[in-house]
2 protein chains.
Amino acid sequence: MAVTLRDVARAAGVSPATASRALSAPDLVAPERRELVRRVARELGYRPNRAARELITGRSGHLCLVVPDLENPFFSAVAKAVQARARAAGHAVVVADAEEDPLLEAELVTHLGAQADGVLLCSPRMSPDDLAEVAADDRPLLLVNREAAGLPSVVIDNRDGVRQAVRHLHALGHRRVAYAGGPPGSWSDARRREGLVGDLAAQLPGLDVVDLGAHAPVFAGGVAAADLALAAGATAVLAHNDLMALGLLDRLRTRGVRVPDDVSVVGFDDAPVATLVTPALTTVAAPLARLGRTAVDLLLDPPRTDAPARVALPVELVVRASTAPPAAPAT
Amino acid sequence: MAVTLRDVARAAGVSPATASRALSAPDLVAPERRELVRRVARELGYRPNRAARELITGRSGHLCLVVPDLENPFFSAVAKAVQARARAAGHAVVVADAEEDPLLEAELVTHLGAQADGVLLCSPRMSPDDLAEVAADDRPLLLVNREAAGLPSVVIDNRDGVRQAVRHLHALGHRRVAYAGGPPGSWSDARRREGLVGDLAAQLPGLDVVDLGAHAPVFAGGVAAADLALAAGATAVLAHNDLMALGLLDRLRTRGVRVPDDVSVVGFDDAPVATLVTPALTTVAAPLARLGRTAVDLLLDPPRTDAPARVALPVELVVRASTAPPAAPAT
DNA sequence: CGGCGTGCTGAAATCGCATTCATCGCGGAC
DNA sequence: GTCCGCGATGAATGCGATTTCAGCACGCCG
């Protein structure tokens, strides 16, 4: 069987209590004894039993990460970073795929989260009410890529992202820019739309933003949006995410429209795939790894303020080959 | 605090022993009492403490999945399926990213795997010796996408995959086909190379297979291989995986070579990205989801044979737009 | 010299649950 | 009528660690 703390204690000629202290509260035990115990433990290959420790301390050493779709490059990037940071902090990560289902999402949080030290809830699809419900558990909960009243969160600066993209297009000479939106109800899509209105139009003379409506945030959604963009006479299209931008690229090519010569396309997220296509995608790069790391840090030791922490990470436009001045520049 | 089994027992007016049995060994307790306990448990929102249960049963309800890179679409697809199947079987999944590092891989297996009910080791980078070492733990271990002596495994039929691809190219009229290999030491790459030699050449008259050597299994590796393929005068290139195929596509386009008109390209894996590019990639589709599901099933209840189980899953060529007859057909 | 704080140590309790063992009541067999 | 067996139940034990609590020796102060 596995070697237990009692074995170590016996081999070292001390009581289990002392052995325990030597390993997890070193300054409570006399130096030479402490070193003896540690050496014996190492030699015996002692490995503390997580379950036993959890039972008494109440901490499992597990974090729970819930994402809508593990296969989506956005979430796998976040998951990778979360996993790495958690490991550095001595935590394992239990990851759960909610399959884009709000109900399953809620169940996963309550079931899996119940016996974890904290829950990272990524882009939750569930309603604010359900969110409040699952957050009622005493387990620490942190929202990633979404904000909600009373809950700590880490997001990216969506508004600034679209602004950077639109400024870039305007600077290139585009005057009629289309936005291919994400799914209805998406929190991040709502934020991005906010960036399109307001003072932006005032700052950019002659700019005309046309809304292409809501689409599934996948390749097919981009395909559908492409036709709308052409019909609207836009010379540039900003997509809700990179997958949609890829769909735009594909459909435009099929219809004989050259990118970027005839129409410019901008994505969002800077998923790895953005560099794998031709033309390489100009896109708003979200700091996905940093998002994951920050989330873990914030969950593991939250700031000691009374209001829940809200962090927004900066984004940065990455200009590649899918944007260029329009064929017939305005002015 | 959380509601414990004692609370349920007290509320139901029975002993903790009976309460325990009513929930986890229902036929040992009288029907009306059993239903009473279960109802009370439900009303109180009782949720068994995993740590306490693990401490006594030795089973944690956790599976451990170790992959080289979570961001690689191959592994995120497997991870998604593993997670889904494990949940259906009442298990949570602890996922660990080994960052392509054999040492870290070994450490993760021993550390994380020690307190899991089993370990799924995906495409392990570590040496056969280290593999045997970590497998020496009594925890069930199952290899995914690699075989090793004495260990159970689930793989895809790599040899048949390249054979299907080559037959396809030969049928189109290609006679000079290049193989852009994966990293040296890759188990799956070795299997794929096996498919290229042997009786295949005998069956396909006039076929000439040229080996482009080893490459990093990423976009850049494909770029490098593209120039080699052109220099070798191949009219078709089979890539070790889809990422490399995308690199080939990109480089060929850059050099003014049209795909599939001038050169055909075939990928491997059928990663989601294969359909997102232009031309859509002809590729050998590996049943990634099935791979993950089978792995979980085999780990959770292994066949009662003495030899460790070895399963090979069939693959299927998916013909898309990146392959066509060569410009100047042989014969 | 007595008393008290201090620094270490060990015995024992505890966490929540599963499980063994003993008990009890009851019906059927002899 | 007695005894055996069986089904149902509760008391008690233990899983492996942490953590109180008490005890012990020692040194210092009064």
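Just so it is clear: chains get the letters A, B, ... in the order the sequence lines come, proteins before strands, and each one is counted from 1. The figures that follow rest on heavy atoms only: side chains count, while hydrogens, waters and symmetry mates do not.
If you run side-chain hydrogen bond (donor to acceptor under 3.5 Å, both in side chains) between B/N145 and each of B/S153, B/S188, B/S123, B/S186, only B/S123 comes through.
Checked by atom type and distance alone, the side chain of B/E105 pairs as donor or acceptor with a backbone atom of B/M126 at under 3.5 Å.
Between B/K80 and A/D69 there is a salt bridge, since a side-chain N of the basic residue sits under 4.0 Å from a carboxylate O of the acidic one. The residues A/D297 and A/R85 are annotated as salt-bridged, a charged nitrogen and a carboxylate oxygen being separated by less than 4.0 angstrom. Looking at A/E99 and B/R87, a side-chain N of the basic residue comes within less than 4.0 Å of a carboxylate O on the acidic one, giving a salt bridge.
The overall bend of the helix from C/dC1-D/dG30 to C/dC30-D/dG1, read as the angle between its terminal helix axes built from five base pairs each, is 70° when rounded to 10 degrees.
Taking atom CG of residue A/L28 and atom C1' of nucleotide D/dT20, one finds them 12 Å apart after rounding to whole Å.
The side-chain heavy atoms of B/C64 and B/V66, taken from C-beta on, include a pair separated by under 4.5 Å. When side chains are defined from C-beta on, B/V144 counts as touching B/L291, because their heavy atoms get closer than 4.5 Å.
Residue A/V95 comes nearest to B/Q83 through the heavy atom pair O-CG, 3.4 Å, listed as atom of the first residue, atom of the second, then distance.
Side-chain N/O atoms of B/D117 and B/S60 include a donor and acceptor closer than 3.5 Å.
Crowding of B/R59 atom CZ: a count of heavy atoms from other residues, nucleotides or ligands under 6.0 Å not exceeding 12.
Put simply, chain B comes within 4.0 Å of DNA chain C, heavy atom to any atom, from C/dG16 to C/dT20, going 5' to 3'.
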Taking N or O atoms only and anything under 3.5 Å, show me the protein contacts with nucleotides 16-19 of chain D, one pair per line.
| residue | atom | partner | partner atom | Å |
| --- | --- | --- | --- | --- |
| D/dG16 | N2 | A/A52 | O | 3.4 |
| D/dA17 | OP1 | A/Y46 | OH | 3.0 |
| D/dA17 | OP1 | A/N49 | N | 3.2 |
| D/dA17 | OP2 | A/T4 | OG1 | 3.1 |
| D/dA17 | OP2 | A/L5 | N | 2.3 |
| D/dA17 | O5' | A/Y46 | OH | 3.3 |
| D/dT18 | OP1 | A/R53 | NE | 3.1 |
| D/dT18 | OP1 | A/R53 | NH2 | 3.1 |
| D/dT18 | OP2 | A/S20 | OG | 2.7 |

